[in-house]
Each structure stands twice: as C-alpha cells, then as structure tokens.
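A short worksheet on the structure shown next.
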Amino acid sequence: MTEHAVVIAGGGPTGLMLAAELALAGIDVVIVERRASQDLDGSRAGGLHSRTIEVLDQRGIAERFLAAGQLHQALGFSGIHLDISDFPTRHNYVLALWQSHIERILADWVGELGVPNLRGREVVGFAQDDTGVDVELSGDSSLRAEYLVGCDGGRSLIRKEAGIDFTGLDPSTSWMIAEVEMDEEPEFGFRHDRVGTHAVNRREDGEPIRVVLTERRVEHTGDPSMGELREALVAVYGTDYGLRGASWISRFTDMTRQAVSYRHGRVLLAGDAAHVHPPQGGQGLNTGVQDAVNLGWKLAQVVNQTSPEGLLDTYHAERHPVGARVLHNTMAQVALGRPDDRHQALRDTMTDLLSMDEPRRCIAAMLSGLDIHYDLGEGHPLRGRRMPDLDLHTADGPTRVFTLLHDARPVLLDLGEPGGFDISPWANRVRLVDARHDGVWQLPVLGEVAAPPALLIRPDGHVAWAGDLADPELPQALATWFGAATPVH
Ligand SMILES: Cc1cc2nc3c(=O)[nH]c(=O)nc-3n(C[C@H](O)[C@H](O)[C@H](O)COP(=O)(O)OP(=O)(O)OC[C@H]3O[C@@H](n4cnc5c(N)ncnc54)[C@H](O)[C@@H]3O)c2cc1C
C-alpha cells in the first residue's frame, strides 16, 4: 500500500489549492480525482473576488489569472451592482474568468510544485484508526495517509462516509443552465416575469451563448433534455431563437446546506464538500479556495509535528462561521430575487440602501471576502483580519507584504527599531523581517487604523498578533500558532 502524509479526494479548485499549500510546506500530498482530465463540462463559476485574488497574490501567482480574465469594478448582490473601486486593496475589482480556466491555471501550478494527481480514479471508501486513514480507491487499490481531506464537492462521499451531518434548507427554486448555439440573435440581458429572473448572455464574440432560466417546478431528476430547454425558452421569450444545439445543459438549485463539523478525527472537509448554496454573488469557488488556504499551513504543521493536532480545530472554528455567513447572504439574495410585487418593493428598497456608501461597503466587503475577521481575541483591529499588502522598505530594497508570503511561511514584521526581539527559538519556522512603511493604514469597512509597531502574520495572510515587540503576548502567540520555542544553545 502506498503511503502519503495527506490524501486529497477531489482535484477541483479547492483540492488543487490545498495541494499547492501543502506542497509549499514540503508535505507529501497526493490528489485523487475522478475526472480523467482537468476539462470541465460547462462554465460554473464565472470569476474571482478580491480576497481570492489577494490570496493568489500572496503566493506570487495572481498575474497568471489576471492575464487570462477581464476586470470589472462592480460586483452584484442579487443583481444590484456594488462599485468597489474605492476599496483599499490592489485588487479592487472582480476578475471575470470561467472556472475551466481557473482550474487549468491552478492545475498547472500544482504540477510545477510536483504534486501527483491520480486522475480517472475515485475514492470509494476509507477507514480511519489512531495513526492514519486507509483510503480505498476505484480499481481495487488503496493508499495509506495520516490525513484525508474531502474536497470532493457537494455530494461528498467523504462527508457521508465520515457520518458528518449536512444540515440546512432543501431547494425552493431550480434553474436550468445551458451553453447554446442559436441561429437568431437572442435578447441579451435579464428578463423578469412571474416565474422569476432569466438571463441570456455571452461574454465575448465567438463564445457560446449562456442561458439561465428559472424553472416552474423544483423537483427534477437528472439533467434537462434539449426538448425541455426549447420548451422553457419558448415559455419565457415566446421563441427558441432558432436553437441549433447545446454543448452543455444542466440545472442547479438554491439548496443551502453546511457540514456541522469540518473535521472528524483524521478526516477533514473543504469547499463544496463542506458547504453548498446557490451561486448568487459568485462565492462558492472563492470560499473553497480560501478554506484551503486556511487549512493548508495548519495541516502541514500538524503533519510535520510543529504543532499539536488541536491546531486543526481552529480550521473549523474560523471557517465554519465564514461559510455560514455565505449561506445566509445567498438565502437573502434568492429571497430578493423573488418575482412578486412585494419582493420587488423590497428589492427597490435594498437598491436604494445599497446606493449609500456605508451599506454598499459593508455588503461588498462581505461578498469580496475582504472583511473576514477570525476571532483571535482582543487587541489591535488588525488581529484576526487580513494583512494589507503594504509597500515596505527593507535593507534589501523595496518589497511588498504579499511578496514576503510567497513561500507560505509565517512572518514577524518589525516596523520599529530593529533588534527588539530575539526570534531564535522560532527562527526555523518564522521569518523576522525589519522594514519601514510610510503611509496610512486603511482597512476595508473599518477605514484608517493606527499603525502597529510590529505584526505576526500567518501564512494565510491573517494577523495573529499586532503590538509592541516587548508585549509578553508575542511569545505566547508564536507558540500558539507556530509551535513551542526550540531551546537555543
Ligand atoms: C451555475 C453555477 C455557477 C457558479 N458560479 C460561481 C461563481 O461565479 N463564483 C464562485 O465562486 N462559485 C460559483 N459556483 C460554485 C463553484 O462552481 C463551486 O463552489 C466550486 O466548483 C467548488 O469547488 P470544489 O473544488 O470545492 O468542488 P468541485 O468543483 O465540485 O470539485 C470536486 C471534485 O471532486 C471530484 N470528485 C468527486 N467525488 C470524488 C471521489 N469520490 N473521488 C475522487 N474525486 C471525486 C470531482 O470530479 C471534482 O473534480 C457556481 C456553481 C454553479 C453550479
């Protein structure tokens, strides 16, 4: 039986990001992916939000995505446009890029990092014991791992086999989605009627036309047929616009569920395996990638015995509330999109509210992931929040905070007089950087905050501690997040 430290079930966006994070930390990881190639049927996610682009920037690969997509300065809350060009981030926009391209770019990076990807194979079962997990694969083979992570999507076998409940709401609405060719020019844009909102669009000339139609019934079995698609088009638009063919027809619903626990012993869940919700606001893929970045360094530290197993519990503690909030806002977005007059009145009211700066910033920061705040205790407002990508001056020349995070290792950033702290007991894990920053500190929603003299930045870019280097909490924070001090001889 082949042994690996970590087996990842599922090589979609979440599994790929997690594999990369573990590989950067030197962990022996393997992906098991059911699909024979990275090719994806249909379009699914349509882009990346600010915080995800920042996270990719923290690893030095944001440019690969930016070069392939298109920037839009507004994001949508149930179709209400929210401008984010005034947000204090280098990435104050949405990057329009189809999931197939996002996965291809991530898969190339994972390949460069040397992670084996067992494609065309499936995890069909597992059994965990005190020291590891036996992972059963299709084709009558198995793997042994210290940890198994289910990144295997909404119907996750790992979640079901681990006995983790997936609680929430059954669907109330179903949508048909297709990529089609039509002889006639359709009516592009949104159309609202008594059934709901329908949309026809095409991002670029030469691309297939994308159709999303609200269905009259919720209960269905399987994907729709061409006949059903034609019928649905005629019911909404009075014509099928000379529908010639469809490269892909599927349906999705507003089912909204979350795993009650993201961990069961040596088995963890991330991405759609841990949370499903409708695509309003475009948050699913983004949340999964950010789950992976939260989990990766923690799992690496537990595997290489830098930290005790308990560090893994902070993954659930931090990411479950973030997932719950996403579920909650998608429920609100679905409700706002209901077609009757009373919901339209509510929608008009929300549109008015969101034209004001404070509500707009608040909702947009939530959708873009820029306001995520892990509860790491009292202290400086940055504690638990994302570290802004400041321009820094160091003895080696100018740099940026995100550049310091490319290798996914923690950084103690000293912005005061050098020499105020002895990092030797953690020097094999934490990099001390002496730097200077001239300028104000702006955070999304909060606005300007006081510049702290020093910060401890986790590999996921969140601030674990901020304060004066003489603060007795600093050694404690180093030990909590990056393991006990090593005796220095
Ligand atoms: C119509 C639509 C539009 C969307 N739009 C957006 C958007 O704009 N923005 C956004 O952020 N999100 C969007 N999403 C959501 C997004 O597509 C998902 O959240 C995202 O794909 C989740 O990634 P994942 O890697 O967690 O899971 P998945 O992408 O589902 O990947 C799971 C992988 O696991 C593999 N697998 C499954 N079972 C096994 C097994 N037993 N063994 C091995 N492999 C297995 C599958 O083949 C798959 O590759 C949209 C979704 C839909 C349906």
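We count ligands from 1, going down the list as the structure has it; atoms in each ligand are counted the same way. Along the sequence shown, the residues carry numbers beginning at 1.
Annotation: side chain of Asn329 is in contact with side chain of Leu367 (closest heavy-atom distance under 4.5 Å).
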Quick one: side chains of residues 272-281, donor-acceptor pairs under 3.5 Å with protein atoms, not counting sequence neighbours, listed by atom name and distance.
unit_1	atom_1	unit_2	atom_2	d
His275	ND1	Gly271	O	3.4
His275	NE2	Gly271	O	3.3
His275	NE2	Asp291	OD2	2.8

In a table with atom names and distances, give each donor-acceptor pair under 3.5 Å that connects a side chain of residues 16-28 to protein atoms at least two apart or in another chain.
unit_1	atom_1	unit_2	atom_2	d
Glu21	OE1	Arg59	NE	3.4
Glu21	OE1	Arg59	NH2	2.9
Glu21	OE2	Arg59	NE	2.8
Asp28	OD1	His4	ND1	3.0

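Every residue was checked against the ring pair (Phe, Tyr, Trp, His ring centres under 6.0 Å) condition with Phe77, not counting sequence neighbours, and none meets it.
Using a 4.0 Å cut-off between charged side-chain N and carboxylate O, Arg266 and Glu309 make no salt bridge.
Contacts of ligand 1 (protein heavy-atom distance under 4.0 Å) are Gly10, Gly12, Pro13, Thr14, Val32, Glu33, Arg34, Arg35, Arg44, Ala45, Gly46, Gln99, Arg121, Glu122, Val123, Cys151, Asp152, Gly153, Ile177, Phe252, Gly271, Asp272, Pro279, Gly282, Gln283, Gly284, Leu285, Asn286.
With ring centers used as reference points, His462 lies under 6.0 Å from Tyr374.
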